Amino acid sequence: MVLALAAGSLIPVATCASAAADVRSAAPARQAAAERVLKDDVALTPGKGGVVRVKETIVYQFAGGSGFQRTFPTRTHESVSQDRVYQLAALRATSPDGGPTRVSTSSGDTDTKVKVSGGKLTGAHTVVLEYDLRGAIDQLGSAEELRWPAAGGWRVPVDEATATVDATAMIRSVNCFAGPLESTIGCTQYYTNHAHTQGIYTQREMLPGEYLTVVAGLPPGTTGGHAIYERRHTVATAFSVNAVTGGVLLGLLVLLGGGVLALYLLRGRDARVVGKHASAGDQAPVVGTEFEPPNGVRPGQIGTLIDEQADVIDVTATIVDLAVRGYLLIEEEDRARTGRLDWTLRRLDRPVVDLLPYERILLDALMTGPDGAPRDAVKLSELGGTFATKLAQVRAAMYDDVVKQGWFARRPDTVRSRWTVVGIALTVLGIAATVALAVTTEWALAGLALIIAGAALAYGGQYMPAKTARGSTVLAHTIGFRAFLERGTIPDGDDVASRQRIALFSRFLPYAVVFDVVGKWAETVKDAGERAEGADNLYWYEGPAEWDLSNFAESMRTFTLATSGSISQSRGL
């Protein structure tokens, strides 16, 4: 009874053991069914010229696929601008047992994929892959060194990999590494035969993507091989500076820069007046009690003539000039009463027949409301935003005026715009040329010359407007007149009474606004209120209570700033 129970209890145990044995026997079967490299045997024979003939015998376990693929590292980045290249040639495949033999290759940035394909296959088949390798041998000191990832680069595991280097001379040293390409882990086994003419390397169990890299030191002159290097095209190489590219860049800069300079000399240089006219212009235009601006030129015209631009300050000076000449009255409000600093521009009843076109447009802009209705007065603080269209017309009229006066052959703003557009176009062309050259060649510096020349022309376009001889003569007189105003003195004495002093001061004040010397020029009438009764106001400027001419310099400074600010708020300038 006991024996029966014992026997009965052994039946499940035996069943379990049998099942475990079945599992263990099924595991190798499933493992064998999966694709893998059962053995990868590589024979390398170095030859003259550094050509290594390679014969690789592959035993591959197929699982219904039509072939296999192996990756060869054929390019390494040695530096920013240089690659070491390995060349594969004469690839061919054979099979003694019906394996795939059709070879195709595809090259990537740093590797070459070799695909051997055929029909659908299962089980183990042998494929012999042969190719010629160049670039794997390099000079190392006085000797030669063969280094090459002989086996590996598979997408499947490798059970065993072996490599043999057959040299015609005695091998001085051997080494090998297993794992990734840059691995420093030694392989399973490596040694030389008894004659030291053959290096033998072995590695077991390699994962997908791993390599067996073999190294063999050869005597000097064994093959005469050298590493193959190629210059890599990058941003650094595209803009590389050497004797050729540097010379081309310098030559283009001289050529293009000389062209821009020639254009300036021919088209943009002022027709400077020499001799007695220029000398006369250097004299202060003041004789005795006569105070006259150069040739009767008005402030807005002078401002446009000097810097060749119709600036905000030129328009502000014109407003002051209109007041001085009796077309406007400027009234400064009492800050203590209103709580803020402001001015009222009041139109006076005077014919406009003597006004220049740009002055008429400006006066109309001041005295026309946003609804188009005329008005007799306007606060300075209300001007902002109402000048958009009119100020553009004022600016255009000022440019037309300097051409009409014969000071410029063409409108300065048109000349500037034309040359600036040409410069920008040349810069854009240079950018496009630089990009194209950088992508395809190492001559991108030539495109930089175009960019520099275009930028210089766009910037230099601001200086291209050219004054005529007549304009240069007026400018010479203007320089002398400015020097007189900058001195801030009027001849004193009985012949120049306080009221006359105030009149002369007022006449030249708009020009002082243009020259930015209001502070110095105001010193000429600072004490006029103490000399003459009733001289605490100007005929064109009225200050608040307790205001006198000693406050005028500060009042005019803030007025010009406020006026320029109001004008700048509009879209016209």
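It should be emphasised that the depicted structure is a prediction, and the values quoted were computed from it without experimental measurement.
- For the atom pair CG of Asp314 and CG of Leu305, the computed distance is 10.5 Å after rounding to the nearest 0.5 Å.
- Rounding to the nearest 0.5 angstrom, the gap separating the CZ atom in Arg375 from the CG atom in Leu345 is 9.0 Å.
- For Ala409 against Thr468, the heavy-atom pair with the smallest separation is N-CG2, 3.7 Å.
- Ion pair Glu230/Arg84 not flagged as a salt bridge, since none of the NZ, NE, NH1 or NH2 atoms sits closer than 4.0 Å to an Asp/Glu carboxylate oxygen.
- Between Thr344 and Ala377, the closest heavy-atom pair is CG2-CB, 4.0 Å.
- Residues Tyr86 and Phe72 keep their aromatic ring centres 6.0 Å or farther apart.
- The CE atom of Met398 sits 9.0 Å away from atom CD of Glu359, with the distance rounded to the nearest 0.5 Å.
- For the pair Ser106 and Lys113, the minimum side-chain heavy-atom distance is below 4.5 Å.
- Side chains of Glu332 and Tyr541: a donor on one and an acceptor on the other come within 3.5 Å.
- Using a distance-only test at 3.5 Å, with no hydrogens or angles considered, a donor-acceptor pair links the side chain of Arg360 to the main chain of Val352.
- Glu308 has a carboxylate O that lies under 4.0 Å from a charged side-chain N of Lys467, or vice versa, which qualifies the two as a salt bridge.
- Cation-pi geometry between Arg507 and Phe505 is not satisfied (NZ or CZ under 6.0 Å from the ring centre, within 45° of the ring normal).
- Looking only at side-chain heavy atoms (C-beta outward), Glu542 and Ile330 stay at 4.5 Å or farther from each other.
- With rounding to the nearest 0.5 angstrom, the CG atom of Leu366 is 14.0 Å from the CZ atom of Arg346.
- Closest approach of Val324 to Pro510, counting heavy atoms only: CG2-CG, 4.0 Å.
- No side-chain donor-acceptor contact under 3.5 Å links Asp111 and Thr74.
- The pair Arg347-Asp376 fails the salt-bridge criterion, with no side-chain N (NZ, NE, NH1 or NH2) lying under 4.0 Å from an Asp/Glu carboxylate O.
- Across all non-hydrogen atoms, the minimal contact from Ala397 to Tyr358 is CB-CB, 3.5 Å.
- Between Val297 and Tyr511 there is no side-chain heavy-atom pair separated by less than 4.5 Å.
- Contact record, Pro412 with Tyr399: CD-CD2, 3.8 Å, taken as the closest heavy-atom pair.
- A donor atom on one side chain and an acceptor atom on the other are found under 3.5 Å apart for Ser506 and Trp540.
- Considering OH of Tyr211 and CG of Leu181, their distance stands at 5.0 Å, rounded to 0.5 Å.
- With a 4.5 Å cut-off on side-chain heavy atoms, Asp83 and Thr76 do not count as touching.
- Electrostatic pairing of Glu554 and Arg557 counts as a salt bridge here, judged by a charged N lying under 4.0 Å from a carboxylate O.
- Ile228 is linked by a side-chain contact (heavy atoms from CB on, under 4.5 Å) to Val85, Gln87, Arg134, counting only residues two or more places apart in sequence or in another chain.
- A salt bridge between Asp400 and Arg411 is present, with a side-chain N of the basic residue lying under 4.0 Å from a carboxylate O of the acidic one.
- To the nearest 0.5 Å, atom CG of residue Leu509 and atom CE of residue Met556 are 5.0 Å apart.
- Counting only N and O atoms by type, the side chains of Thr105 and Thr112 include no donor and acceptor under 3.5 Å apart.
- Judged purely by distance below 3.5 Å, without hydrogens or angles, the side chains of Asp401 and Gln301 pair a donor atom with an acceptor atom.
- Taking all atoms of both residues into account, the shortest heavy-atom contact from Phe408 to Pro465 is CE2-CB, 4.4 Å.
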